[in-house]
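Note that these values count all heavy atoms, side chains included, but never hydrogens, waters or copies made by symmetry. Naming: A, B, ... by sequence-line order, numbering from 1 per chain. Because the structure is predicted, anything quoted here is derived from the model rather than measured.
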Amino acid sequence: MMGDVSTSTSARGPQVTVNGTSRSLGQTPSYLSLLDFLRGQGLTGAKEGCAEGECGACSVLVARPDGDGSAWVALNACLPPAVAYAGQEIVTAEGLGAPGDLHPVQEEMAQRGGSQCGYCTPGFVCSMAAEYYRADRAPGTATPDPERGPNGFDLQALSGNLCRCTGYRPIRDAAYALGSPGEDDPLAQRRTAPAPGAEATRVSDGAHEFVRPTTLSEAVALLADDRETRLVAGATDWGVAANLLMARSPVLIAVDRLPELRELHETGEHIEIGAALTLSEIEQQLAGRITLLDQLFGQFASRLIRNAATLGGNLGTGSPIGDAAPALLALDARLVLTGPGGDRVVPIADYFTGYRQTIRHPDELIRSVRIPVPLAATTAFHKIAKRRFDDISGVAVAFALDLQDGVVRRARIGLGGVAATPLRAYDAEAALQGRPWTLDTAQEAARVLGATGTPLDDHRASARYRTAMLRTAVLKFQAQTTSEEVDA
Amino acid sequence: MSSLSERPRNPDVGQAIPHESADLHVTGRALYTDDLTGRTKDVLHAWPVQSPHAHARITRIDTTPATRVDGVVRVLTADDVPGVNDAGVKHDEPLFPSEAMFHGHAVVWVLGETLEAARLGAAAVEVDYEVLPSILTTAEAIAAESFQGGQPRMERGDVDAALASAAHVFHGEFECKGQEHFYLETHAALAQVDENGQVFVQSSTQHPSETQEIVAHVLGLRSHEVTVQCLRMGGGFGGKEMQPHGLAAVAALGAVITGRPVRLRLNRTLDMSMTGKRHGFHTQWRVGFDADGGLVALDATLTSDAGWSLDLSEPVLARAVCHVDNAYWIPHVRVNGRIAKTHKTSQTAFRGFGGPQGMLVIEDILGRCAPLLGRDPADLRRQNFYGPGQSTPYGQEVTQWDRLPRAWDQLLRTADIANRRQEIDRFNATHPDTRRGLALTPVKFGISFNLTAFNQGGALVLVYKDGSVLINHGGTEMGQGLHTKMLQVAATALGIPRASVRLAPTRTDKVPNTSATAASSGADLNGGAVKDACEQIKGRLAQVAAQHFGVHAADVRFDGGTVSAIGSKADPIPWAQLTERAYFQRVQLSATGYYRTEGLHWDSTVMRGTPFKYFAHGVAAAEVEVDGFTGAYRTRRVDIVHDVGDSLSPLVDLGQIEGGFVQGAGWMTLEELVWDESDGPNRGKLTTQAASTYKLPSFSEMPEVFNVALLPHAHEEGAVYGSKAVGEPPLMLAFCVREALRQAAAAFGAPGTSIDLPLPATPEAVFWAVEDARAGHADGAVERGDRAERHVPDQPGPDAHAPHPRSEELASEPAKG
């Protein structure tokens, strides 16, 4: 089902279906976001609040593959190029319901005071609708969880939506009051049919070309273009640069639907994760198999971003503060890079070479990430940020320990935000290995870890605090894994 | 009960109903200013050229490279201004400046056929600058004596003598940072000119009349040649009280010059780097307590950080000075205020309008001094509340002094404070790396514009023959539910179903000379005016009905869309039948309404008078949990009791309370404006100018348990239908979050630890507070007064109030572990 690529656009040129109506993408320039396209079509329900995927006012629903059927997935329309949605189906707040004929999500939001100024509301409605239609949403378990409603609504679904008026309580109440879609609900019914496949696309306004190749080899061939090329998957990084910095590329190559990059499978030696799977898809398909990544997902940006962002993109940017890298460093992951000469496999610890620089050649792309098995049993992902949902790390620390009889047999620690690149903390690992997992050992490792990297002062945190957080991370990890602290 | 506050039978006010536009909001049909762009033909797009320097003289502007960019139509410069090149009301804000006064200051504006063309054009404009020295921080401004505007002084009693004789004297400093409004809808204007030269500007503005005035004077027109309309705003919070004017003027100028509609919309980066924010304040203070913990004297100097121009900084400062007392009786008070001029955005109104910055001073003092006095902070606060017959330092009697103690005691009961404190003590005793804190704080907030003249409102009510009603009023809708309340007021005043009333968008050609929708006054002022207009019409209709029923007009009753008469055997008649009958009898079915708040007076030269119609009150309790490893925290529970009078619209008021609280909590904890204060190339740049770096509260910051109650028996004689203003006061309820964090951090240290907690209390700030508490060298940065210098012979020596109170004093202090 995944990455089922049809080979040509129709004679009418690229189209996108919005609220059931086909609309021409025409000569849409590649820098025009899906949001600006929709608004230009008169669909002004989706709003621009930040233009960087932080506020969710632009949230819309997209039909995505889910098993043999499809799922309604919410994402930020402000980030991806509109032309990346050629052949796809989109639903906006206008398409969900109308005054006098409100969708259940809209009804709950309206009646419970979920809107005040109303500007963020269409985005909230779309994010909430995606969760309303989530096939495996089921009434909650016995354990009370403030972030999960009695109807199984996962509050993470709204982690990428900001409201400045309500204080969120009525929005949460609306979400937790939702029932299940009726059998005659057309959007519920739509889930039983497959999502549209990726459509080979080539659109240009003369200066800015967008290409969606259908095969990996085609994509690799495109990278050899004389013009400056840029790979995009979810475009969650590229879209920000395009919107705010006016970044423009002569050739954008979309790789997010390449079937070769969308596989997840396990061998005896490793779990291999396709570079173009979204974080949400990885979370769903791993189903908790890699504990450390499970701890990461909930802290990785927002659901809206995770529905678009990929591991390939997160590593491809080479950012020192991407949250995936520290976790993958602690997991001792390998990257499979594909270029004209075929594949090569590199340890992630060797991948980053400088600030936003990596060993990936311009004619290569990241095909997959391999995580060796067996996995370390004792892991943690500590993200230091101002906000728990949807923030960028000041410091990120990932731990993976193998403990045997209370002794650390092997330790791996990945760090983000403390140097120009993500780092492996080899010295601190050495301070742990072979030692009993006690407070004394943790304190010694904390001292070493606290001297790792070259943290800077910036608006997220002071260098001094970053250093302190490296130190206390080990102590917190030790306290948590030895369970000294139990709720009274 | 006054006629203003009295409710008829079956009033529509008081019903809990959703926002009048809720169905439009949730379906994406509600239109905001920029949504009109695609619905307007041949629109040009405007984009600014921004200064890359905090302070620089502009020595050359060459726009010709921009005009060579494909799609660029025109570059607007100072030479194009036919009227006054100024966007402010103080004439200190040149619209096209010759001197860049802050990093990001718009120098010229480029108009393009597309936004892309305008942006590329702006990038092509060449500007030469001569960089000048810049002042960025309050400290730099104080050192350089860079001040602007007036320097008010409020004084009562003999502060020096009272401090000299006080049992305990402390002094210290306090600095609060500003806050970005972060209305989800950024600033936007769309200007057009009609065939007759009439300028029509649609603007996201809280103050259409002033937008109209500024547009007119920039264009050299009179007010009747400019119409401003605001459909609705995607949030305002004070940020659209003054700031829209210049932007609307640029769009209008472009429309006049090109003859085409011009759209100006700031994206988030432009909005954050160009428009004003909440003022940060620096305060130096000295406070005296008597032996029992009663406040006796406060001497404070407040310095606001106003940025490059005055804007609303003078009234903001006045309100700050008038709110240093918050809820507390302080017999001897001296407060000096001054306004720093810095090379930053021109700071402006923001929900609370200086009130919060003033109130924080005393709350910070009490939070820091309570441990040094060996007192529980909540008890210390409660003890110092205003009592009967007492008045504020500016001379206004606190007539409803009983409301705060009543709300406080209600909260103690309903939030189960005593038991929870014991639980927290147990928790803190058993968790070495985690601490919880529970704090209560009060709010007393003066309602009315400090400047008496602004306390007036207008309305235009039209009744059509078929009985349908259209109301216009001078207030703007920004999400606060004003329009909802006005519909309810009209339905109540006319005795008809709400469905018979519609509300037209706010326009300057319907109601002239309006005040800003600000100071929480929207419902009071416009509600009074709408009610007045409705009652005029109803009075005329009563005459018509009286004839019909053969009774005196005073015996006619309007209720639920039917009209009847006391003692008449005749059947009631439908409202619509009466309106038609009135038409044929040639009775006027429209009226302009007007309201002025009675009883106000204010002398700003001596800072004395009765500037406020009444006070709004509230109390809140927050419980937080702090992680000692990181300083990260969560808000476990918040309880609020708030005084909205007799609520006009309970669902709307609840939304204002909850939303205000969370917005305040964001300012207390999370939201951080960081300016580049280095001497590097980006000096003066706001480094947190995006949603990714300036973090608002999200779902994860919402209190896990959030209980809000409206104070019962809270009728307000002085406002429409017994209600009270609700827009701003709840923001300050959030002070309890910071106080709870202070107490949780202190609980990592020895009993009596006093914590100086920065604002915002970010996880990093809390972490350092925890470290200080653990290390035992936290002293709240509070120093005791130097007795020797004061030559007060009959005072107890410094040892009489040790910084760390003796442990036996803490036995009665349940909040501490």
Side-chain angles (χ1 to χ4, degrees), chain A residues 39-40 42 44-47 49-52 54-55 57 92-94 97-99 102 106 109-111 113 115-122 125 146 155 158-159 162 164-170 172 244 246 384 386-392 459 461-462 465 468-469 472 475-476 479 485 488, chain B residues 18-19 21-32 35 38 119 182-185 233-235 267-269 426-427 430-434 478-481 629-630 651 654-655 658-659 661-663 670 672 674 687-688 690-693 695-696 698-702 704 706 762-764 767:
Chain A
R39 291 181 59 79
T44 50
K47 312 291 187 197
C50 70
E52 53 172 352
E54 288 276 339
C55 77
T92 68
E94 292 99 323
L102 296 183
Q106 294 170 328
M109 281 286 282
Q111 287 305 312
S115 76
Q116 285 186 22
C117 84
Y119 197 83
C120 70
T121 312
V125 162
L155 210 54
L158 306 178
S159 58
L162 292 176
R164 191 55 155 166
C165 295
T166 63
Y168 299 103
R169 196 273 314 157
R172 184 187 64 184
L244 299 184
M246 280 200 91
I384 306 298
K386 281 184 189 158
R387 200 169 66 191
R388 201 154 49 80
F389 281 178
D390 198 7
D391 200 354
I392 294 170
H459 51 78
S462 70
Y465 181 62
M469 290 305 95
T472 61
L475 302 174
K476 182 173 182 176
E485 195 162 329
Chain B
H19 193 282
S21 287
D23 287 5
L24 299 179
H25 293 156
V26 298
T27 56
R29 262 77 165 182
L31 294 181
Y32 302 78
D35 296 339
R119 291 179 77 169
F182 217 105
Y183 25 65
L184 262 286
E185 179 213 23
M233 282 166 277
N267 73 1
R268 185 60 63 184
T269 319
R426 280 196 295 273
F427 179 92
T430 53
H431 291 71
D433 302 312
T434 314
M478 61 194 100
Q480 84 280 39
F629 289 114
T630 60
L651 192 62
L654 176 64
E658 292 176 331
F661 179 89
V662 170
Q663 192 172 67
L670 193 63
E672 196 168 16
V674 182
T687 62
T688 51
S692 55
T693 48
K695 307 308 281 192
L696 312 186
S698 75
F699 259 106
S700 56
E701 284 65 46
M702 189 193 126
E704 290 163 24
F706 200 178
T762 59
E764 174 167 357
F767 176 77

Using heavy-atom distances under 4.5 Å, tell me whether A:K386 contacts chain B through its side chain, its backbone, both, or neither. both

Under 4.5 Å from any heavy atom of chain A, what part of B:F661 do you find: side chain, backbone, both or neither? neither

B:L670 versus chain A, heavy atoms under 4.5 Å apart: side chain, backbone, both or neither? both

Separation between CD (B:Q663) and SG (A:C165), nearest 0.5 Å, reads 8.0 Å

Of A:G42, A:G113, A:G97, the largest count of non-hydrogen pairs under 4.5 angstrom with chain B goes to A:G97

Of all of B:V674, B:T269, B:D35, which one pairs up most often with chain A through heavy atoms under 4.5 Å apart? B:D35

Heavy atoms only, distances under 4.5 angstrom: which of A:L158, A:I392, A:T92 has the most pairs with chain B? Name it, please. A:L158

Do A:S115 and B:H25 pair up side chain to side chain, a donor and an acceptor below 3.5 Å, judged on atom types alone? yes

Greatest number of non-hydrogen atom pairs under 4.5 angstrom with chain A, of B:A22, B:S700, B:G659, falls to B:S700

Pick whichever of B:T762, B:L654, B:L24, B:L696 has the most heavy-atom pairs under 4.5 Å with chain A. B:L696

Any idea which of A:L244, A:V125, A:D391 has the most non-hydrogen atom pairs under 4.5 angstrom with chain B? A:D391

Not counting sequence neighbours, which residues clear side chain to side chain donor-acceptor pair (under 3.5 Å) with A:Q106? List them please. none

Can you tell which of B:E704, B:E701, B:M478 has the highest number of heavy-atom pairs within less than 4.5 Å of chain A? B:E701

Would you mind telling me which of A:A461, A:A468, A:G45, A:G118 has the largest number of heavy-atom pairs within less than 4.5 Å of chain B? A:G118

How are the rings of B:Y32 and A:Y119 set to each other: parallel, tilted or perpendicular (split at 30° and 60°)? perpendicular

Quick check for you: among A:M469, A:R39, A:R387, which has the greatest number of heavy-atom pairs under 4.5 Å with chain B? A:R387

Using the test side chain to side chain donor-acceptor pair (under 3.5 Å), find all partners of B:T693 that sit at least two apart in sequence or belong to another chain. none

Exam field: side chain B:T27 to backbone A:A98, donor-acceptor pair closer than 3.5 Å: no

Nearest heavy-atom neighbours spanning B:F629 and A:A479: CZ-CB, 3.8 Å

Has A:Y465 got a side-chain atom pairing as donor or acceptor with B:T630's backbone, closer than 3.5 angstrom? yes

Using atom types as modelled and distance alone, determine if a side-chain donor or acceptor of A:E52 lies under 3.5 Å from a backbone N or O of B:A691. yes

I'd like to verify something: which residue of B:D23, B:T688, B:L31, B:L184 has the highest number of heavy-atom pairs under 4.5 Å with chain A? B:L184

Using only atom types and a distance under 3.5 Å, with no angle test, would you say the side chain of A:Q116 pairs donor to acceptor with the backbone of B:G655? yes

Are A:D390 and B:K695 within salt-bridge range, i.e. N to O under 4.0 Å? no

Select, from B:T687, B:V26, B:N267, the one with the greatest count of heavy-atom pairs under 4.5 Å involving chain A. B:V26

Proximal component of B:A690, with respect to chain A [non-hydrogen, under 4.5 Å]: both

Any side-chain heavy atom of A:I384 within less than 4.5 Å of one from B:P763? no

Just so I understand: if I count every heavy-atom pair under 4.5 Å between each of A:P146, A:A46, A:C50, A:P99 and chain B, which residue has the most? A:P99

With a 4.0 Å cut-off, would you call B:R268 and A:E54 a salt bridge? no

Might you point out which heavy atoms bring B:G28 and A:A93 nearest each other, and give the distance in Å? N-CB, 4.3 Å

Any idea which heavy atoms bring B:P18 and A:A110 closest together, and the distance? CB-O, 3.3 Å

Pick one of side chain, backbone, both or neither for B:E658, based on which atoms fall under 4.5 Å of a heavy atom in chain A. both

Heavy-atom proximity to chain B below 4.5 Å, by part of A:L155: side chain

Donor-acceptor pair, distance only, cut-off 3.5 Å: does the side chain of A:R169 make one with the backbone of B:M702? no

